[in-house]
Amino acid sequence: MATSSFQQRVLVVVRNIPKGKTLTYTQVAHRAGRPRAYRAVGNILNKNYNPQIPCHRVVRSDGKIGGYNRGARRKGLLLKKEGAVV
DNA sequence: CATTTGACGCCAA
DNA sequence: TTTGGCGCCAAAT
């Protein structure tokens, strides 16, 4: 795979999150191969405004929403609609 | 190459 | 419990 960039890996990981499932930034970073890059993960998603990526399934380790390109409020709503456990 | 920016995480007070 | 501060990392400037 030409997925060389860390950000590319993160996007793939997030895109592979099944419906009704929520991962924390730490978990995503861990899957992406950089268990301590949770900082970069948030930054990448923020810059990468992509509707294909269910970035709303990525939450903080506290189980809180965090942020979202179109408002964290919308993110929490989506999670609830999908049936994500909080 | 150096500095700044963040959708974060954890600890101390 | 809440706030403030430090540490961490990749990408952008």
Side-chain angles (χ1 to χ4, degrees):
Chain A
M1 287 277 282
T3 52
S4 320
S5 304
F6 175 70
Q7 93 175 90
Q8 201 97 5
R9 257 188 323 241
V10 170
L11 295 175
V12 173
V13 170
V14 175
R15 198 173 54 184
N16 273 283
I17 300 177
K19 177 182 160 203
K21 180 80 164 195
T22 51
L23 291 181
T24 65
Y25 291 97
T26 313
Q27 292 298 308
V28 173
H30 194 246
R31 277 181 154 206
R34 295 291 189 275
R36 305 204 165 163
Y38 39 74
R39 279 283 200 169
V41 172
N43 228 349
I44 289 160
L45 294 177
N46 178 14
K47 280 176 148 196
N48 203 77
Y49 189 97
N50 186 332
Q52 291 191 325
I53 308 283
C55 31
H56 60 266
R57 295 196 186 134
V58 185
V59 296
R60 292 183 41 162
S61 62
D62 304 280
K64 296 188 189 308
I65 299 302
Y68 193 56
N69 301 26
R70 307 179 67 215
R73 199 171 57 191
R74 170 110 175 137
K75 180 171 174 182
L77 207 66
L78 285 164
L79 290 174
K80 185 156 193 187
K81 285 187 82 155
E82 291 189 350
V85 184
V86 184

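This is a predicted model, so every value here is computed, not measured. Proteins come first, then strands; the chains are lettered A, B, ... in the order of their sequence lines, and each starts at number 1.
Applying the salt bridge (Lys or Arg N to Asp or Glu O under 4.0 Å) rule to pairs touching residues 67-78 of chain A yields nothing, sequence neighbours excluded.
Atom C1' of nucleotide B:dG6 and atom CZ of A:F6 are separated by 14 Å, given to the nearest angstrom. In this structure, A:Y49 places its OH atom 15 Å from P of B:dA7, rounding to the nearest Å. Rounding to whole angstrom units, CD1 of residue A:I44 and P of C:dC9 are separated by 14 Å. Rounded to whole Å, the distance from NE2 on A:H30 to C1' on C:dC8 is 15 Å. Here C:dC6 presents its P atom at 20 Å from CZ of A:R36, a figure rounded to the nearest Å. In this structure, A:N48 places its CG atom 15 Å from P of B:dA7, rounding to the nearest Å. Atom C1' of nucleotide C:dT1 and atom NZ of A:K64 are separated by 11 Å, given to the nearest angstrom. Atom CZ of A:R57 is separated from atom P of B:dA7 by 22 Å (rounded to the nearest Å).
Side-chain N or O atoms of A:S5 include none that pairs as donor or acceptor with a backbone N or O of A:Q8 at under 3.5 Å.
Listed by chain and number, the residues in a salt bridge (Lys or Arg N to Asp or Glu O under 4.0 Å) with A:R9 amount to none (sequence neighbours excluded). Residues forming a salt bridge (Lys or Arg N to Asp or Glu O under 4.0 Å) with A:R60 (at least two apart in sequence, or on another chain): A:D62. Scored by the side chain to side chain donor-acceptor pair (under 3.5 Å) test, A:R57 finds A:E82 as partners (sequence neighbours excluded).
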Can you give the dot-bracket line for DNA chain C, using ( ) for pairs inside the strand, [ ] for pairs that cross earlier ones, | for pairs with another strand and . for unpaired bases, where Watson-Crick and G-U count if both distances are under 3.5 Å?
.||||||.|||||
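Atom CG of residue A:N50 and atom SG of residue A:C55 lie 7.5 Å apart, to the nearest 0.5 angstrom. For the atom pair CD1 (A:I65) and CG (A:L77), the distance works out to 10.0 Å, reported to the nearest 0.5 Å. Taking CG of A:N16 as the start and NZ of A:K21 as the end, the distance is 13.0 Å to the nearest 0.5 Å.
Contacts of A:A37 with the nucleic acid, taken as non-hydrogen atoms under 4.0 Å apart, involve only primed sugar atoms and P, OP1 or OP2.
For the segment residues 66-74 of chain A, the set of residues with a heavy atom within less than 4.0 Å of an atom of DNA chain B comprises A:G67, A:Y68, A:N69, in numerical order.
Contact detail for A:A72 and A:G67: the closest heavy-atom pair is CB-CA, 4.3 Å.
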Under 3.5 Å between N/O atoms: give me all the protein pairs with nucleotides 9-13 of chain B, atom names plus distance.
from, atom 1, to, atom 2, distance (Å)
B:dG9, OP1, A:S61, N, 2.8
B:dG9, OP1, A:S61, OG, 3.2
B:dG9, OP2, A:R60, NE, 3.1
B:dC10, OP2, A:S61, OG, 3.2

Nucleotide N/O of nucleotides 3-5 of chain C paired with protein N/O under 3.5 Å:
none

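Cluster partners of A:Y25 are A:F6, A:V10, A:L11, A:V13, A:V14, A:I17, A:L23, A:V28, A:Y38, A:V41, A:I44, A:L45, A:I53, A:V58, counting Ile, Leu, Val, Met, Phe, Trp and Tyr whose side-chain heavy atoms approach within less than 4.5 Å, directly or via other members.
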